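Contents: one structure, followed by commentary.
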There are 2 protein chains.
Amino acid sequence: MSTAIPTIRYSQGIVKLIDQTRLPHKLVFINCRDVATLWEAIKALRVRGAPALGVAAGFGVVLGIKTYRGEDVGELIAIAHQTAEYLATSRPTAVNLFYGLSRMRRRAELCRRMDVKAARKALIAEAFAIYEEDRALCRNIGRYGAAVIKNGQSVLTVCNAGALATADYGTALGVMYSAKALGKNFKVYACETRPLLQGARLTTWELMRAKIDVTLICDNMAATLMQQGKVDVVITGADRISANGDSANKIGTYMLAVLAKYHKIPFYIAAPSTTFDLSITDGSKIPIEERHPDEVTGFGGARTATPGVKVYNPAFDVTDHSLITGIITERGIIAPVNRRNVKLSVSVGSTLEPRGVRSCGNAFR
Amino acid sequence: MSTAIPTIRYSQGIVKLIDQTRLPHKLVFINCRDVATLWEAIKALRVRGAPALGVAAGFGVVLGIKTYRGEDVGELIAIAHQTAEYLATSRPTAVNLFYGLSRMRRRAELCRRMDVKAARKALIAEAFAIYEEDRALCRNIGRYGAAVIKNGQSVLTVCNAGALATADYGTALGVMYSAKALGKNFKVYACETRPLLQGARLTTWELMRAKIDVTLICDNMAATLMQQGKVDVVITGADRISANGDSANKIGTYMLAVLAKYHKIPFYIAAPSTTFDLSITDGSKIPIEERHPDEVTGFGGARTATPGVKVYNPAFDVTDHSLITGIITERGIIAPVNRRNVKLSVSVGSTLEPRGVRSCGNAFR
């Protein structure tokens, strides 16, 4: 089952990742023994998904300090900060990466009075705490989110917000795994998610493995499915959510939100508190990564477009909170999505431990 | 320039086509010496685009009768009908194919009192008439349509409704070529058009050849461009338009129409009278071709999706007339788009010769 997918692990000085660029054809693992290898794996999307990047951030800082052989804890802490600064340059949009890095930096600062051995232990413990917390976040999102899928319905999703994007069974797909565990019968349409086809390659792989009924479509077919009444609910993940609920996610998400609005279909985001960035007032201020034109002019090795053509390749888009029916977090469902309800549900500097059910508003009217 | 693209030609018993599946990397021609070869070329989209299929239909019937060596004109006419019936099985959605075939069949019936030689000549003349008329239709669509592109604007299009889709410079792209010839300065965003990438492969090739500023995007990026204010007008072609103006076109067109509505951007269809099917009352009755799953599970030659995944692959979608700002035909612009204005502009059994300017309503309020 999906829960057993070992997306990212740490053991004995090695961050072990599934190389997601090789899926679905090969299940290949990469052993990152140094920070540069991990940085490249993040940049090249060998590991991806906002929550998984938060986990990678924690283990990445651990990789950075592991070779320090001195006795000066100040030097160790400086290396932790340098490692965090370096990893922060890998990808700009998913806030979980920065969340993970800043947690590690804060923990490092708390180690100034320890010896090097104790500080190292504390940082490893912090990285594992991020990992374990992400697992709990997924499970609670799944628990609250299962209610948005009714028996017999069809769910549409984009990109991959599943086990491959987190340390556990995912956010948007976690909701589906949870609904399935409750015995609900439903089908899923997966948008292929150009340019890098995370939907076609990863989401179908995960869902088929979990024996969930999944049908693959091209992104431009979603509107037609909705027109035909074949979509009951849309559920996606998020990479960064601003204080008013505007949500950055994989390119194509905003399109689905507008189409869902037009067709009067509920549109949900599933994301943990770690994906909220309350320092950003609205979505227009979320930095959007633009990636290499080659991703659009072809796929993998195949070149398809006219050589030399100009390309626009934003990796993410921003969905206005007014288009979002609800945001499923580990604490309940934020609905309606607005600044007040986001603030009520997500506190700055939260410990990120589930604090019991709280649903703001009622998404199921 | 674009006008010189020899998409489809007939000479001395051979239909010569550009194999559009090889573009943009190779400009390869196919010589269709028999009907089976042409049927395969249509089925495999070596020749595609609704108006070009109308032209292929005419020349296809000519291929069918060319090997008849008898003296019985009744037999010749029967062969023409059989050829038309066979070619009609190639692809179901574009009405121009059926229009071309039924014109050839009607002409064949008018040959019953001729000898075989005269009948053959009449059928060849009819096929060339369809070809020449299509050229005139393109030019007049371009002439009327140029007004929808203002200087300095950005135009979004999908698939390929250009020289490669017609016997001349195209419909939607014809409007662009015409605007450029008038000295207008504008830029074009081309949706790549999954699964077969006609936008990435054909439209960028044509527009770059014509020195029109074109930028390629994935289909799921169109919404973001609109959100950013980067699209001033959407112009697409059509494969079949029902009596009320509902328009079938390449999958992804309906998505663009809904997105344009939401962002208050004008959305135009450019199509000749030959693309209207007044026997069909509304879009729900237009047959939509579903194509092979392999088109979706791969990209170029590469297999990308999880093996064995279920796929939904409609090749076309239907845009409700209420979402269309205007339909640019060879006779003017139909706007607002409704049953009455379609009827006023397009008559059944029309000779399809331009009959001067008529714009129903005013699309430029």
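All figures in this text were calculated on a predicted structure; none of them were measured in a lab. Proteins get letters first, then strands, A, B, ... in listed order; numbering begins at 1 in each.
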What one should report as the nearest heavy-atom pair of A:A302 and B:F299 is CB-O, 4.4 Å

With a 4.5 Å limit on heavy-atom distance, are the side chains of B:K310 and A:D213 in contact?
yes

Is there a side-chain contact between A:V309 and B:M208 in this structure, where contact means two heavy atoms from C-beta onward sitting under 4.5 Å apart?
yes

Which of B:D317, B:V311, B:V296 passes side-chain contact (heavy atoms from CB on, under 4.5 Å) with A:M221? It is B:V296

Structural part of [X] lying under 4.5 Å from a heavy atom of chain A:
| X | answer |
| --- | --- |
| B:E295 | neither |
| B:L225 | side chain |
| B:L196 | neither |
| B:I217 | both |

Would you compute the distance between atom CG of A:L202 and atom OG1 of B:T306 and round it to the nearest 0.5 angstrom?
8.0 Å

Measuring from atom CG of B:L259 to atom CG of A:L259, what distance do you get when rounded to the nearest 0.5 angstrom?
5.0 Å

Does the cation-pi check pass for A:K230 over B:Y312, that is, NZ or CZ under 6.0 Å from the six-membered ring centre and within 45° of its axis?
yes

Under a 4.5 Å heavy-atom cutoff, which of [options] has the most pairs with chain B?
| options | result |
| --- | --- |
| A:K250, A:R194, A:M255 | A:R194 |
| A:C191, A:G199, A:C218 | A:C218 |
| A:T203, A:T304, A:T224, A:V258 | A:T304 |
| A:H25, A:R303, A:R201, A:M226 | A:H25 |

Backbone of B:P195 reached by a side-chain donor or acceptor of A:E192 within 3.5 Å:
no

Looking only at atom types and distance, does a side-chain atom of A:Q227 sit under 3.5 Å from a main-chain N or O of B:T319, one as donor and one as acceptor?
no

Where on A:I288 is there a heavy atom nearer than 4.5 Å to chain B: the side chain, the backbone, both, or neither?
neither

With a 4.5 angstrom heavy-atom cut-off, which part of A:I251 approaches chain B: side chain, backbone, both or neither?
both

So, A:H263 versus B:Y262, ring centres under 6.0 angstrom or not?
no

Most heavy-atom pairs under 4.5 angstrom with chain A, which of B:T215, B:T193, B:D219?
B:T215

